[in-house]
Amino acid sequence: MDWGEWMEQCEAARGKFAQLINADIKEIAIVSSVSHATSAIATSLPSINDRNEVIITDMDFPCIGHVWLSQPDIQVNFIPAKKNAYTIDQYENAIYSNTLLTSISHILYYNGFRQDIKNISEVVHAKGSYLFVDAYQSAGQVDIDVKRDGIDILVAGMQKYMLGIPGIAFMYVRNELAEQLTPGITGWFGQANPFAFDVQSVKYAGGARRFDTGTFPMLNGYASNAALDLLHEVGIQNIEKRLIDLSKYTLDYAQEKGIKIVSPLDPNQKGSNTALLIENAHDVEQKMKEEGYIVSARNDVIRIAPHFYNTKEDIIGALDCFKEITMR
Ligand SMILES: Cc1ncc(COP(=O)(O)O)c(C=O)c1O
């Protein structure tokens, strides 16, 4: 074993993630998944004031709903999507004086709809609520700045556009907020000094580190480090620009081919994902895989979701393959 180097790898990854979203390293916790991070917050929040409602959007990833709904002291209300998207007015109307926290997805997993976080955060904060952002579908593909965008809590795993592997995720908690929270789940790494080996008292670490729990997923730390180096080297602004180009190309080519799209038709209102409507999406996913195209099926859509290393030829190939399979 090489405990020292393992820890260094995980700490370096924590720092590189902080840099990616313009946070301070002390505002980042190392967690195992977005479900874990959300649960950690859900079990810690109610202690800070007597509001008890959480507003979430009905197209959030299911685990977010599961976590909030599992909290006995929390009243959950869903904002219903309109045409697979949300408007700022819907937030204005949904959030009221009892709303403790507003939980949103930055880019929707289903169709790539991209929310305007800064605008939403202004509404949320004007109503005295906290803003929680699930950035699993956006981190690594679009520029995120937690300070500019006014985010209180942000969670994201390494497995998707951050080019890592599952088993590790990061959670940002704004420092002033983190300092007020008492973790509902904890472990020795959430303590101010894990190596004090003090079994008889609990002394939480400063900032978001109090949400660290047990021994870090060390192998995943190495993978995260390498992945984050790559993202920083290519540059998130370059990646975002490239993906807007690929998105535009995908939208144009798919429409030319008469494919039904349920993503926004403006590339600036979406992430890389373009969702193609099709009844038997899971069969199509499997058949496309056999032809060498890795896409994913979600309910009634196939997601074409390139990253910066994909080319227009990849998009043409995938859409032609989709068309060919669905015409059979
Ligand atoms: C937006 C979003 N949030 C959360 C998750 C699940 O996160 P985890 O498995 O880390 O709990 C996913 C997985 O696909 C996702 O797309």
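Ligands are counted one by one from 1 in listed order, and the atoms in each one are counted from 1 as well. Only a predicted model underlies this, so the values are computations on that prediction, with no experimental measurement involved.
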If we only count N/O pairs under 3.5 Å, is Tyr136 in contact with ligand 1? no
Should you measure from each heavy atom of Lys160, which atoms of ligand 1 turn up under 4.0 Å away? 12 (C), 13 (C), 14 (O), 15 (C), 16 (O)
Among Ile168, Asp134, Asn273, Asp60, closest by any non-hydrogen atom to atom 2 (C) of ligand 1: Asp134
With only distance considered, is Gln137 within less than 3.5 Å of ligand 1 through an N or O on each side? yes
Protein contact of atom 5 (C) of ligand 1 - nearest heavy atom, named by residue and atom, plus distance: Phe61 CD2, 3.3 Å
Of the backbone atoms (N, CA, C, O) and the side-chain heavy atoms from C-beta on, which set of Ser33 has a member under 4.0 Å from an atom of ligand 1: side chain, backbone, both, or neither? both
Salt bridge flag under 4.0 Å for residues Asp143 and Lys241: no
With heavy-atom distances below 4.0 Å as the criterion, list the atoms of ligand 1 near Tyr109. 16 (O)
Within the structure, is a non-hydrogen atom of Cys63 found at a distance of less than 4.0 Å from ligand 1? yes
With no hydrogens and no angle check, is any side-chain donor or acceptor of Asp212 less than 3.5 Å from a backbone partner on Val31? no
What is the ring orientation for Tyr86 with Phe113, classed by angle as parallel under 30°, tilted 30 to 60°, or perpendicular over 60°? tilted
Write out the residue and atom name of the closest protein heavy atom to atom 11 (O) of ligand 1, then the distance separating them to 0.1 Å. Ser35 OG, 2.5 Å
closest protein heavy atom to atom 10 (O) of ligand 1 is Val34 N, 2.8 Å
Identify the two heavy atoms, one from Ser224 and one from Ile168, that lie closest to each other, and give their separation to 0.1 Å. OG-CG2, 3.4 Å
Are any of the N/O atoms on Arg298, whether in the backbone or the side chain, positioned under 3.5 angstrom from an N/O atom of ligand 1? no
